[in-house]
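Taking it in order: structure first as structure tokens, then the write-up.
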2 protein chains.
Amino acid sequence: MKEKKIIETRSKQEEDLGFKILGYLRRITRAINLNSKRLATENNLTSPQTFSLITIYHMGPLTLAEVASKVHLSPSTMVGIIDRLEVKNLVIRERSKDDKRQVRIRITEEGKKIAKKSPLPLQEELLESLSKLPEIQQKNLSKALKLLASILDTNHSSDKSLSADESCED
Amino acid sequence: MKEKKIIETRSKQEEDLGFKILGYLRRITRAINLNSKRLATENNLTSPQTFSLITIYHMGPLTLAEVASKVHLSPSTMVGIIDRLEVKNLVIRERSKDDKRQVRIRITEEGKKIAKKSPLPLQEELLESLSKLPEIQQKNLSKALKLLASILDTNHSSDKSLSADESCED
DNA sequence: TACAAATGATTCGTGTACGAATGAATATAT
DNA sequence: ATATATTCATTCGTACACGAATCATTTGTA
């Protein structure tokens, strides 16, 4: 009753909810980052690299902007990721013949092999932990994340992604 | 019924769940990043900087490692963040007298003013959107994120944070 | 006391991640 | 047809974000 001056410009419950959620999100993103780096040393591929490679594998030759859009990254970020995938001989850039501005990213045979057996980032621990939860909780989690994702990225431009399907209407 | 060769090394529903969740998480982290950068241009403080500053403001002078732990970042990351807060005259480093290895981060008067009125990252849009949801959904979201955060960072070291309170047991 | 181990901050190297600016190619307008 | 606008990839500058290595200080031990 006497330490009330700590937060005075925001109402208590709003502060609580926002601060908690942001804290959880920070922890989540950090865990994802750490996992990505661990995977990078073990499998020689970071999480964004793996995501991009699998996307290219599934959806055929794509332009750089298309890959970026599908994995929810900006083109300028994607340039570096493709650079690193290319020096590992997992993809190749080839200039489009009809529109010489475009660069088509094509997966190599080597890349296909990696894509086929490369674990999705976080897959192991996350799925194992998830499978221990009751199914209802798994559904809730997935729904909550989907909700949050759509809340957050309506504030920005919205292009459809590989994982933004609409088949989750329970 | 004929495109079944796309994913063959992983079972269908596991793949679905993991891939979806990871997709949501990527979108969420991206939205957070974008928001952080927007705030940086508007308020001259990024999201990690704001988090760190508010933490220092609330919890008094702290060592660099303590701040890092409380905002869930590594010390090496925190060095840069404190650097940038320092050149903006929001905090100052002072060598500890009893243990000259330690650096105590102290908030300045200028920093206090900023901390008091600085919006929590994402606060505006997120809270506004959240407040439109039924309360039960808000609770679910918070619980789901907390669950996911604890699943994810049990894989790593766990120190308690500013936001990791236990008062959410509904 | 002297010497090894541990600790705290920092530096270094790598990899995201972004927007703004750039340059080449294409499309559009006059 | 030529000038302008648009589009695509890239480069540049900034800021995270991490682990490994480093350096100074402190602590523990022989």
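Remember, predicted model here, so these are calculated numbers, not experimental data.
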Is there a donor-acceptor pair closer than 3.5 Å between any side-chain N or O of [X] and the backbone N or O of [Y]?
X        : Y         : answer
Thr55(B) : Phe51(B)  : yes
Thr77(B) : Leu73(B)  : no
Thr63(A) : Val103(A) : no

Exercise. Between Thr77(A) and Lys97(A), which is nearer to the 5' end of DNA chain C once each is assigned its nearest nucleotide?
Worked result: Thr77(A)

Separation of atom [atom1] in [X] from atom [atom2] in [N], rounded to whole Å:
X         : N       : atom1 : atom2 : result
Gln102(B) : dT10(C) : CD    : P     : 12 Å
Leu62(B)  : dG8(C)  : CG    : P     : 14 Å
Arg101(B) : dA24(D) : CZ    : P     : 14 Å
Asp83(B)  : dA15(D) : CG    : P     : 11 Å
Leu64(A)  : dT10(D) : CG    : C1'   : 9 Å
Ile81(B)  : dA9(C)  : CD1   : C1'   : 15 Å
Leu45(B)  : dT14(D) : CG    : P     : 18 Å
Asn44(B)  : dA15(D) : CG    : P     : 9 Å

Any [X] side-chain nitrogen or oxygen under 4.0 Å from OP1 or OP2 of [N]:
X        : N       : answer
Arg93(B) : dT10(C) : yes
Arg84(B) : dC16(D) : yes
Arg30(B) : dC18(C) : yes
Ser76(B) : dT10(C) : no
Gln49(B) : dC16(D) : yes

Report the nucleotide, chosen from [options], that has the shortest atom-to-atom distance to any side-chain atom of [X].
X         : options                   : value
Val79(B)  : dA9(D), dT10(C), dG8(C)   : dT10(C)
Lys37(B)  : dC18(C), dT7(D), dA24(D)  : dC18(C)
Ser74(B)  : dA15(D), dC18(D), dT26(D) : dC18(D)
Lys100(A) : dG19(C), dT10(C), dT26(C) : dT26(C)

Exercise. How is Asp98(B) classified with respect to the nucleic acid when contacts are heavy atoms under 4.0 Å: base, sugar-phosphate, or nothing?
Worked result: sugar-phosphate

Exercise. Quick one: CG on Leu53(B) to NZ on Lys88(B), what's the gap to the nearest 0.5 Å?
Worked result: 10.0 Å

Problem set entry | Lys/Arg-Asp/Glu bridge criterion (N-O < 4.0 Å) met for Asp83(A), Arg93(A) | yes

